[in-house]
Amino acid sequence: MLICLVAAAGLKSSMPDVSAFRVSSLREQAARVTQFVPAMARQALALSAPAVAAKAAMTTGTSAASKLSSTVSAINTSYNWLRGQIRWKTVKHGNTEVQTPDKASRLLLVQAAAKSVGLSEVGLGFEDVYGVINAETSWLPRTGVGKNGTLSYGLAQFEPATARALGLQDPNDPVEAVHAAALHLKQAATWSANRIEGLKLTPEERAEKLREGVSIYYNLSSKGRAKWNGENTERMPVETRRHIANSQIGAREATYLAAQLQIIQHYGTGASGATTVGYTKTSAHGS
């Protein structure tokens with residue numbers, strides 16, 4: 001898969017670091033509200049209104065209810081800000097033309113989502129969010145059908161039951177979907193860490209096994225994932241092993257994209273205004 005990243009001058013913008021999932025946890029999430037500066041090259045414009053709104057939400061109001069209401073308002077503001085930053089492009093998927101976020105937009109979404117749910121607390125990062133969406137849909141939003149006939153929706157392929165459990169209202173909304181995916185990954189990492197706790201692993205081996213478990217958790221039902229013990233990955237279903245491989249490929253892609261954007265932000269684009277990197281993706285989920 002050939003990736004062409006076209007970016008203009010460096011963007012230094014700010015937005016609140018919040019999560020819209022599980023209203024009961026919003027008070028906890030409110031404590032996370034910080035300035036987020038995406039390393040995204042798109043517009044020479046500082047957009048500070050969302051961050052100002054978030055700070056105000058945390059400092060005004062005297063009751064828990066009013067603070068919660070203000071936090072929800074700040075979340076909506078930040079999500080609307082993100083939606084306004086997404087740049088879409090048309091690509092061919094089979095015989096159909098579909099809309100997909102461009103590379104810089106993808107990176108912005110996963111960075112914001114990973115930071116808002118605190119993925120670093122469980123040993124993951126924005127690269128892992130990018131990777132799992134790469135494995136699910138190659139960033140081409142669509143409706144899928146599982147082996148049991150259950151439909152799954154959007155960039156992150158959420159089934160209705162999982163969407164409800166995560167508090168996801170619209171799985172076809174890219175901002176909501178990516179944030180829900182990050183939250184789901186955090187739960188997956190906790191589950192995976194418990195499964196490999198008794199294994200004697202180096203830090204590098206543990207990181208690899210943790211991510212294998214994350215894909216297994218994301219890709220399989222509770223019954224299917226329960227078969228994994230940290231040492232039998234090669235005996236998992238072929239689709240799950242492809243999910244692991246494509247998540248790894250996507251994570252590496254995200255790492256390269258972030259590095260490229262930092263270079264562009266620091267030095268500006270070359271004469272062509274484009275940076276190109278090549279990748280290969282294992283076929284999965286009809287991608």
Side-chain angles (χ1 to χ4, degrees), residues 1 19-22 79 82-83 86 88 91-101 105-106 109-110 113-114 117 119 124 126-192 211-228 236-251 253-254 281-287:
M1 180 173 62
S19 172
F21 307 104
R22 296 179 184 260
Y79 275 25
L82 275 170
R83 292 182 186 107
I86 299 174
W88 297 87
V91 297
K92 293 281 289 186
H93 179 60
N95 295 323
T96 306
E97 289 189 344
V98 297
Q99 292 287 304
T100 181
S105 300
R106 297 176 188 181
L109 287 172
V110 298
V117 305
L119 271 188
L124 300 180
F126 69 86
E127 303 91 343
D128 298 293
V129 186
Y130 194 108
V132 78
I133 296 178
N134 181 69
E136 289 292 326
T137 62
S138 299
W139 288 90
L140 302 177
R142 58 182 180 268
T143 300
V145 183
K147 291 181 178 179
N148 60 359
T150 303
L151 297 179
S152 52
Y153 302 93
L155 284 173
Q157 289 294 280
F158 280 114
E159 295 180 354
T162 306
R164 286 194 298 270
L166 292 167
L168 174 59
Q169 295 182 349
D170 183 3
N172 291 310
D173 181 294
V175 177
E176 289 188 36
V178 172
H179 275 71
L183 182 60
H184 201 39
L185 260 62
K186 189 173 185 179
Q187 297 172 351
T190 300
W191 175 88
S192 180
R211 286 168 170 82
E212 287 181 4
V214 166
S215 271
I216 287 165
Y217 185 96
Y218 203 106
N219 183 251
L220 293 175
S221 66
S222 57
K223 181 179 179 180
R225 68 178 69 131
K227 298 177 182 179
W228 185 68
M236 302 306 289
V238 63
E239 295 86 359
T240 303
R241 285 182 276 125
R242 286 174 180 165
H243 193 283
I244 293 170
N246 287 331
S247 292
Q248 293 171 344
I249 291 169
E253 178 181 318
K281 184 175 186 295
T282 304
S283 177
H285 298 288
S287 303

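None of these values were measured; they are calculated from a predicted model. Numbers here simply count residues along the sequence, with the first being 1.
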If you look at every heavy atom in L124 and L185, which pair is closest and at what distance? CD1-O, 3.7 Å
Any sub-3.5 Å donor-acceptor pair from N134's side-chain atoms to N246's backbone N or O? yes
Any side-chain donor-acceptor pair under 3.5 Å between T240 and R225? no
Please find the pair of heavy atoms, one from P174 and one from L155, that lie closest to each other, and give the distance. CB-CD1, 3.8 Å
Between E176 and R83, does any side-chain N to carboxylate O distance fall below 4.0 Å? yes
Evaluate the side-chain proximity of E239 to L220: yes if any heavy-atom separation is below 4.5 Å, no if none is. no
Identify, with sequence neighbours excluded, every residue that meets side-chain hydrogen bond (donor to acceptor under 3.5 Å, both in side chains) alongside S215. H243, S247
Heavy-atom side-chain proximity of R142 to V98 below 4.5 angstrom: no
With a 4.5 Å heavy-atom cut-off, do P160 and Y153 have their side chains touching? yes
Should we say atom NZ of K92 is surrounded by more than 12 heavy atoms from elsewhere, each under 6.0 Å from it? yes
If you apply the rule side-chain contact (heavy atoms from CB on, under 4.5 Å), what do you find for V110 with R106, and how did you get there? CA-CA 6 Å; V110 298; R106 297 176 188 181; 5.7 Å; no
I'd like to know whether Q187 forms a side-chain contact (heavy atoms from CB on, under 4.5 Å) with L166, so could you lay out the CA-CA distance, the side-chain angles of the two residues, the decisive distance to 0.1 Å, and finally the verdict. CA-CA 10 Å; Q187 297 172 351; L166 292 167; 3.8 Å; yes
Measuring only between side-chain heavy atoms, which start at C-beta, is S152 closer than 4.5 Å to F158? no
